[in-house]
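Note: hydrogens, waters and symmetry copies are ignored here, and every other heavy atom, side chains too, is used.
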Amino acid sequence: MQWHLFEQAGAPMTLGLDRQQDYKRFIDGAQLTDLLTDLSADLAQGLLLLPQEALDAFPGAEDDLRQGRWSPAAAALIGDLTALARRWVTRPAMTRGMHPGAATVLNTAACLMRAQLDAVDAAGPTVLTRAPRPSVVARTRVLAPARLRSALAWSLTPMTVPTARPPAADPGDPGPAADDTGLRPPPSHPDGMRAPQIAADRMPSHVAVIMDGNGRWAEQRGLPRHEGHRAGIAAVYETVYGALEIGLRHLTLYMFSTENWKRDTEEITNILEATRRELDEGPLRDMNVRQRWSGRPDRLPQDLVHSLRREEHRTRTRTGLTLTTCINYGGRDEITRTAAALAQAAREGEVDPHLLGEDDFARHLPHPDMPDVDLLWRTGNEQRTSNFLPWHAAYAELYFTPGYWPDNDRRDLWQAITEYSRRQRRHGAVPTPLTSPANHHWPPHTRPDPRRRAR
């Protein structure tokens, strides 16, 4: 789409995660504008493609439109939909931070769509028989100044011609979706350990991990703190391998919080650079892992933001483990931004403030399809959740272990899941009898050595 074309042209469009709702609404508005413009052609083919919830809100309008009648109900419906589409395509915040040339293109597109909607409003009953079009004068009023602004923007910030190189080598190029035909399984554990067999009804769907203790692990060994984060990357890969082997559907890792900016600059730089390098070169690229990012782009290096978005795009069709990395993430910040998006939706009439429920709030989260956390595991001998996924982890089972994160591998994830499988989850209900421990067992000769825990 346009985003990718601008990236290739050397004018990257910064898409802020905090403005995802604006992007979605802009696209929804463009689609609704097309439906209203093409209404006559669709009716001629016996089709009525307007949103069903809008048709239901105006009794009789659906039958009138299908019969080609311009009734008060039909007129009210069309007027309501044009007003809704006009609100959706008017998104001033959407272009904030973009290249000025790209912003001019999108703003001009919005102006043209509003002119088109004005033509729909002015058409009245003729909207049922022919497609309304804005006048030449109306289009000229939009395009003439836009051409001047665009020429000035591109002259002040000229377009660069990208050099030919493989898509994976360009951190700003999301490229095509990954080819899943060559995916490989995770490597086996060096000791030959295999994942325990957990009954399906005892298996968590979503495990979230606070990977604590990297810096202290390094300090114990007389190393700089960033060396602990480097060692922690190996534990990340081991944990992902273990998640794939045991069949976990969702794994979310707390990698860098909004509070971590208080740390030493060198430590922060090393953490973020190591993260970008692993995204570009790491072993997960060829596994059945769908990668996602949760957090804010503010303050993050632009090349890291590009790498995160590229991997989201490249792996979006994969069906195995969904791995969400939380970078520059804060739970209260996430809730605050979601509340702002919900307030915007209420102001635009998309939701009724008096009828709001939990589902309405969840739909406005940065990742509405993220399931609730079943198990929240924290390493490093700390017992707090540290502003991590407060909405999703409201009913999570908590699991704390003393070892520092770099000392963990896939067996520790399996042990956490095994512990989860023994717990009774009530959610406020009367407890049910726990099924037999035989529902899960470690394969012969692969049980973890208890002595390994004494680190």
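- A donor-acceptor contact closer than 3.5 angstrom links the side chains of Glu350 and Trp88.
- Using a 4.5 Å heavy-atom cutoff, the side chains of Phe26 and Met113 are in contact.
- Using a distance-only test at 3.5 Å, with no hydrogens or angles considered, a donor-acceptor pair links the side chain of Thr379 to the main chain of Asp212.
- At a cut-off of 3.5 Å, with distance as the only test, no side-chain donor of His364 or Gln344 sits close to an acceptor on the other residue.
- By the 4.5 Å heavy-atom criterion applied to side chains, Ile198 and Thr418 are counted as neighbours.
- Pro301 places none of its side-chain heavy atoms less than 4.5 Å from the side chain of Arg276.
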Candidate pair Asn328 and Thr258, rule side-chain contact (heavy atoms from CB on, under 4.5 Å), full reasoning: CA-CA 5 Å; Asn328 199 21; Thr258 50; 3.7 Å; yes
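- Looking at Arg314, its side chain does come within 3.5 Å of a backbone N or O of Arg285 through a donor-acceptor pair.
- Considering every non-hydrogen atom in both Val207 and Pro204, the closest pair reads CG2-CG, 3.9 Å.
- Inter-residue side-chain proximity for Met193 and Asp409 is flagged as unmet; no heavy-atom pair is nearer than 4.5 Å.
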Going through the distances and angles, do Phe361 and Leu356 end up as a side-chain contact (heavy atoms from CB on, under 4.5 Å)? CA-CA 8 Å; Phe361 189 90; Leu356 288 178; over 6 Å; no
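- Within the 3.5 Å criterion, the main-chain N or O of Ala345 finds no donor-acceptor partner in the side chain of Arg25.
- With contacts defined as side-chain heavy-atom distances shorter than 4.5 Å, the pair Phe388/Val373 does not qualify.
- Salt bridge absent: Glu312 and Arg316 never bring a charged side-chain N and a carboxylate O closer than 4.0 Å.
- Arg87 and Glu348 are not joined by a salt bridge, as no carboxylate oxygen comes within less than 4.0 angstrom of a charged side-chain nitrogen.
- For Tyr420, the side-chain hydrogen bond (donor to acceptor under 3.5 Å, both in side chains) partners two or more places apart in sequence, or in a different chain, are Arg425.
- Salt-bridge check for Asp298 with Arg337: failed, with every basic side-chain N at 4.0 Å or more from each acidic carboxylate O.
- A 6.0 Å sphere centred on CZ of Arg332 holds no more than 12 heavy atoms belonging to other residues, nucleotides or ligands.
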Might you work through the side-chain contact (heavy atoms from CB on, under 4.5 Å) test for His189 and Glu245, ending with a clear yes or no? CA-CA 10 Å; His189 189 273; Glu245 289 183 328; 5.7 Å; no
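- The pair Asp264-Arg225 fails the salt-bridge criterion, with no side-chain N (NZ, NE, NH1 or NH2) lying under 4.0 Å from an Asp/Glu carboxylate O.
- Remark: side-chain polar atoms of Asp360 are paired, donor with acceptor, to backbone N or O of Gly357 under 3.5 angstrom.
- Within the 3.5 Å criterion, the main-chain N or O of Arg423 finds a donor-acceptor partner in the side chain of Arg202.
- The main-chain N or O of Leu389 is found under 3.5 Å from a side-chain atom of Tyr329 such that the two form a donor-acceptor pair.
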Derivation and outcome, side-chain hydrogen bond (donor to acceptor under 3.5 Å, both in side chains), residues Thr322 and Arg292: CA-CA 7 Å; Thr322 294; Arg292 296 205 302 186; 5.8 Å; no
Please determine whether salt bridge (Lys or Arg N to Asp or Glu O under 4.0 Å) holds for the pair Arg221 and Glu227, giving the CA-CA distance in whole Å, both sets of side-chain angles, and the decisive distance to 0.1 Å. CA-CA 10 Å; Arg221 291 157 176 77; Glu227 290 296 333; over 6 Å; no
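- Asp359 has no carboxylate O lying under 4.0 Å from a charged side-chain N of Arg363, or vice versa, which leaves the two without a salt bridge.
- Using a 4.5 Å heavy-atom cutoff, the side chains of Pro185 and Leu244 are not in contact.
- When all heavy atoms are compared, the tightest approach of Ala85 to Thr33 is CB-OG1, 3.9 Å.
- For the pair Asn387 (side chain) and Gly330 (backbone), a donor-acceptor distance under 3.5 Å is absent.
- Proximity of a side-chain donor or acceptor of His367 to a complementary backbone N or O of Trp293 within less than 3.5 Å is detected.
- Contact of the Arg318 side chain with the Gln291 side chain is not registered, since no non-hydrogen atoms from C-beta on lie closer than 4.5 Å.
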Between His392 and Thr252, does the side-chain contact (heavy atoms from CB on, under 4.5 Å) criterion hold? Intermediate values first, please. CA-CA 11 Å; His392 301 88; Thr252 300; over 6 Å; no
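- Partners of Gln383 according to the side-chain contact (heavy atoms from CB on, under 4.5 Å) rule, which considers only residues two or more places apart in sequence or in another chain, are Phe400.
- Within the 4.5 Å cutoff, side-chain heavy atoms of Tyr404 are placed close to those of Gln220.
- Between Glu219 and Arg216 there is no salt bridge, since no side-chain N of the basic residue sits under 4.0 Å from a carboxylate O of the acidic one.
- Smallest separation of non-hydrogen atoms from Pro283 and Tyr241: CG-OH, 3.5 Å.
- Remark: side-chain polar atoms of Ser257 are paired, donor with acceptor, to backbone N or O of Glu259 under 3.5 angstrom.
- Between the Trp405 side chain and the Gly232 main chain, a donor and an acceptor come within less than 3.5 Å of each other.
- For Glu358, the CD atom counts as loosely surrounded, since its 6.0 Å shell holds 12 or fewer non-hydrogen atoms of other residues, nucleotides or ligands.
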